[in-house]
Amino acid sequence: MRAALDALEGVRVLKMSDSTFLMHLGGKIEVTAKVPLKTRRDLSRAYTPGVARVCLAIAEKPEDARRLTIKRNTVAVVTDGTAVLGLGDIGPAAALPVMEGKAALFKEFANVDAWPVCLDTKDTEEIISVVKALAPVYGGVNLEDISAPRCFEIERRLREELDIPVFHDDQHGTAIVVLAALINALKVVGKELADVRIVVSGVGAAGTAIIKLLMAQGARNIVGFDRYGALHAGTRNGDEHRSWIIDHTNPEGFEGSLKEGLARADVFIGVSAGDILTGADVARMNEGAIVFALANPTPEVDPIEAGQSAAVVATGRSDYPNQINNVLAFPGLFRGLLDAGASHISDEMLRVAAVAIAEVVGDDELNPAFVIPGVFDTRVAEAVAEAVRAEAQRHLDEQATAVPSA
């Protein structure tokens, strides 16, 4: 529109805005006080001198920080701005609107207080060091939009070295919602997860996490594809994550291209690039095919074309049915983790979160255009939180009753 106006003789556009930009003026989140500060007595208890007593209590018993501070309900949303949405490496300042939005979603859907932590460094060791230094304030860490393969190492190290849950949403949030949708899609087409052949396009952070979580649920026949074709024993390149996929998937040793691999597949899951497949490619899949084309904003295959032969189609977009959206997972997940006082996240917590999301859709509601709840369904965060809280508490109970070895 601006270009069209500038092209008019005698017209010069000085500034433009719209409802989206206006929503972002001054940011989307703020800090508000939970206690009254109206009198001198209020002030003396919330701040000096009364606060000193609380400080000394925590110094004597550090675990009380979770009970007496914001730590019990606060999550750090950490990014370096290297893999923001579909925009790539745009830097920490440009990533801030996304992290603000993520914090707002935490609050809106699960009443979790989250805060953006946008780091002006791409150095893996420096990111790990900074997050560890910030950790005393937070009850959990949500890693966001950090490029692969560095995101794997950052998550692994932080999980090992911190005593609070660390979650990489681009990996595990996506995997949770994909599994939830697939559980229900398989019900629609009358197939079992253990029996279907699954093709996954994209073996980066999200693709790897999806494959691992599907296998934890019982999938047996998955083939991962990168831009060069199927991952198989002859495609080793020193990448430990691809090596894991090679060692645990593709039981038939398929070596062809993605288009060739779709033949006789039951499920396609795309977390790669837009417009790499056609409706004709999807038509080569088995009857009752399931297509999750999740590249955003342009899916791997046009959803309308895919729907001409596939039984169930899902995308990452809000303007088509069956939107695979991470907001279905992370708010409730952290709500459950924080409520349980969890110190880590297990694969089983991710799995039960996915099952909880799937179960929100009743059998009387389930149909090809509705295999996953809508993002504004208030039942979702509550169901996920309850499932994760129970699993986290079960793990804590096991730790408490474990007998130390001699």
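Here the structure is a predicted model, which is why all the values come from computation and not from measurement.
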Between [atom1] on residue [X] and [atom2] on residue [Y], distance to nearest 0.5 Å:
| X | Y | atom1 | atom2 | result |
| --- | --- | --- | --- | --- |
| I245 | D226 | CD1 | CG | 9.0 Å |
| L162 | K132 | CG | NZ | 7.0 Å |
| L396 | E391 | CG | CD | 10.0 Å |
| N184 | L366 | CG | CG | 5.0 Å |
| R159 | S346 | CZ | OG | 8.5 Å |
| T235 | I246 | OG1 | CD1 | 3.5 Å |

So, [X] and [Y], do they make that salt bridge, N to O below 4.0 Å?
| X | Y | result |
| --- | --- | --- |
| R150 | E153 | no |
| R67 | D64 | yes |
| R284 | D281 | no |

Checklist entry - Can you check whether F167 and F330 have ring centres sitting under 6.0 Å from each other? => result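 When the ring centroids of F167 and F330 are compared, they turn out to be at least 6.0 Å apart.
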Say whether [X] and [Y], considering side chains only, have a donor N or O and an acceptor N or O under 3.5 Å apart.
| X | Y | result |
| --- | --- | --- |
| R351 | Q217 | yes |
| N73 | R335 | yes |
| T82 | D80 | yes |
| E155 | H172 | yes |

Item to check | V282 vs E305 side-chain heavy atoms within contact, under 4.5 Å | outcome: no
Item to check | V98 side chain near D145 side chain, heavy-atom distance below 4.5 Å | outcome: yes
Could you tell me whether [X] atom [atom1] has more than 12 heavy atoms of other residues or ligands within 6.0 Å of it?
| X | atom1 | result |
| --- | --- | --- |
| E287 | CD | no |
| K28 | NZ | yes |
| K191 | NZ | yes |
| D347 | CG | no |
| E192 | CD | no |
| R156 | CZ | yes |
| E60 | CD | no |
| N367 | CG | yes |

Check for me whether [X] meets the cation-pi criterion with [Y], that is, NZ or CZ under 6.0 Å from the six-membered ring centre and within 45 degrees of the ring axis.
| X | Y | answer |
| --- | --- | --- |
| K212 | W244 | yes |
| K259 | F225 | no |
| R197 | F254 | yes |

Using every non-hydrogen atom in the two residues, find where [X] and [Y] come nearest and quote the distance to one decimal.
| X | Y | answer |
| --- | --- | --- |
| W115 | A103 | N-CB, 4.4 Å |
| P373 | L328 | O-CD1, 3.6 Å |
| P331 | N326 | CD-O, 4.3 Å |
| N322 | V313 | ND2-O, 3.1 Å |
| I146 | T79 | CG1-CA, 4.2 Å |

Item to check | CA sep, side-chain torsions, deciding dist, call: T208, Q171, side-chain hydrogen bond (donor to acceptor under 3.5 Å, both in side chains) | outcome: CA-CA 8 Å; T208 300; Q171 292 184 64; over 6 Å; no
Next on the checklist: Pair F268, F292 - check ring-ring contact (aromatic ring centres under 6.0 Å, His included), show working.
Outcome noted: CA-CA 6 Å; F268 169 77; F292 290 179; 9.3 Å; no
